[in-house]
Structures are given as structure tokens and as C-alpha cells.
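Quick note: numbers below take in every heavy atom, side chains included, and nothing from hydrogens, waters or symmetry partners. Counting starts at 1 for both ligands and their atoms, following the listed order.
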Amino acid sequence: MAATEVQEKPQIVALISGGGSNLQAIIEHIANGIIDAEISLVISNNPAAKGLERAAAVGIPTAVVDHTEYDSRESFERELKRHIDAAQPQLVVLAGFMRILTPDFTNHYAGRMLNIHPSLLPEFKGVNTHARAIAANASQHGASVHFVTSELDGGPLVIQAIVDINQDDTAAGLAGRVLQQEHIIYPIAVKWFCEGRLSLDGNLVRLDKQPLPIQGIAHRVTS
Ligand code: GRF
């Protein structure tokens with residue numbers, strides 16, 4: 001590389017719908033120099049998402065693509081895609097993005113889109129995971145980072161945080177403890193990806209070229 005050539009940092013586009021605390025965790029890891037990347041755009045489908053303020057507060061460009069203004073999932077996604085692709089990101093991060101995506105959309109970002117889900121996938125896909133885990137008398141719960149595929153909450157796993165469920169746990173209390181762990185494992189996965197260490201090879205996740213176990217890396221929380 002010639003001395004004058006500047007190597008660009010990996011660019012990230014984040015999609016959010018709400019609080020944006022996972023986005024905040026990634027922003028802070030970048031600010032602290034732990035992740036060497038740049039968030040070039042944050043997009044929300046919800047104009048009132050608090051995460052938009054978090055991004056704006058640190059000068060990250062934001063966009064709103066409000067799904068209620070589109071008459072089909074396809075037209076909504078077309079607009080979303082237009083915004084994302086204009087930013088030419090290496091990685092798309094779903095951080096509490098609460099829209100179901102079509103296979104056309106997920107295939108377009110195959111191997112370069114990550115999601116975090118608040119359960120130990122494949123258990124408890126979908127919503128209300130904390131209450132469902134308690135109702136099922138599960139002894140453990142947690143969160144999973146996975147590559148996004150056309151199967152809802154079903155893509156290959158990268159890393160899971162495993163949290164014990166206590167006898168007297170409420171859904172809200174458990175959700176809070178899981179969220180704390182989300183803020184640890186999501187930045188780890190993003191860092192690995194941005195360093196070129198993490199990749200998707202068919203249905204196999206590779207870290208430093210080695211295939212990961214089917215559950216991904218386990219991050220066990222001692223209580
Ligand atoms: C997190 O629990 C995430 O796993 C789920 O929605 C919640 C979003 O939290 N998909 P935040 O918007 O990152 O604060």
C-alpha cells in the first residue's frame with residue numbers, strides 16, 4: 001500500500017426501533033477504541049425511537065423509514081435498502097429492530113448482517129421471551145447474537161450469554177439482567193466481524209477460520 005493511501009475503517013449501519021441501548025454499547029466500544037469501526041448511519045422504523053437521539057448526540061447521521069407509511073413490506077424494505085446501500089457498509093447491525101424481514105432483504109445482506117435476540121436460541125424465538133422462559137420453568141435464559149438469514153431468529157449463532165433464572169424472577173428483572181449481558185456480547189461479535197475474524201461460510205460460523213459450535217461461543221454469567 002502506498003504511504004498516502006488511507007485505509008478506511010469498516011463502516012457499520014445500525015437498524016433500531018426503540019431504546020437503542022445495544023446501539024449505545026457499540027457506540028461506546030468504538031469511542032473507547034475497542035472496536036475499530038465507524039457507524040455511518042442509524043436507521044429507525046420508529047420516528048420516536050430513543051436510539052435516534054443517542055446517535056444524533058454523538059454526531060452519527062440518522063434516517064427514519066417509517067413502516068406505517070408504506071403499503072407493503074417490499075416497498076418499506078426497498079426504501080430501507082436504498083438508505084443502507086448508499087452508505088456501503090461492511091456490516092449491518094440489527095439492534096432491537098422490530099420488523100420481520102423478507103428473504104429478498106436478508107439474502108441481500110447474507111453474511112454481513114447480525115442480530116441480537118433476548119433468548120438462548122433456538123429456544124423462544126419471537127417476542128416476550130423473558131416471560132415465556134419463566135413460564136416454562138427454564139433454569140437458564142440469555143441472549144444470542146446470530147447472522148441473519150431468512151428464518152426469523154434462526155440464523156447461525158455467534159455468541160450466547162447464559163443467565164441463571166432465579167426462583168423469584170420477574171420478566172422485567174430477568175430482562176434487565178439479560179440486557180446487561182447483551183451490551184457485552186454484541187460488541188464482542190461486532191469487534192470480531194470488523195477485525196475480519198468472523199465470517200459465515202454456508203451455515204457455518206467461523207472465528208479465526210475455525211468453525212464454531214452450533215450454539216456459538218458461550219459467555220456464562222455467574223450469579
Ligand atoms: C433487546 O433486548 C434486544 O435483544 C431485543 O430488543 C431489545 C432492544 O433493546 N431485540 P435496545 O433497543 O437495544 O435497548
With sequence neighbours left out, what residues match Ser17 under side-chain hydrogen bond (donor to acceptor under 3.5 Å, both in side chains)?
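Ser17 satisfies side-chain hydrogen bond (donor to acceptor under 3.5 Å, both in side chains) with Asn45 once adjacent residues are dropped.
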Side chains of Gln90 and Gln11: donor-acceptor distance under 3.5 Å anywhere?
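Per modelled atom types, Gln90 and Gln11 side chains form no pair under 3.5 Å.
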Show me the pairs that pass side chain to side chain donor-acceptor pair (under 3.5 Å) and involve residues 185-194, at least two apart or across chains.
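For residues 185-194, and leaving out neighbouring residues, the side chain to side chain donor-acceptor pair (under 3.5 Å) pairs sorted by first residue read Lys191-Glu195.
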Please identify each residue that fulfils ring-ring contact (aromatic ring centres under 6.0 Å, His included) with His130, with sequence neighbours left out.
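His130 satisfies ring-ring contact (aromatic ring centres under 6.0 Å, His included) with His141 only.
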Nearest 0.5 Å please: distance from the CD1 atom of Ile159 over to the CD1 atom of Ile188.
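The distance works out to 4.5 Å.
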At less than 4.0 angstrom from any atom of ligand 1, which residues have a non-hydrogen atom? List them by chain and residue number.
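For ligand 1, the residues that come within the 4.0 Å heavy-atom cutoff are Gly19, Gly20, Ser21, Asn22, Gly96, Ile116, Pro118, Leu179, Glu182.
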Is Arg82 salt-bridged to Glu79, going by a charged N under 4.0 Å from an acidic O?
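Yes, Arg82 and Glu79 are salt-bridged.
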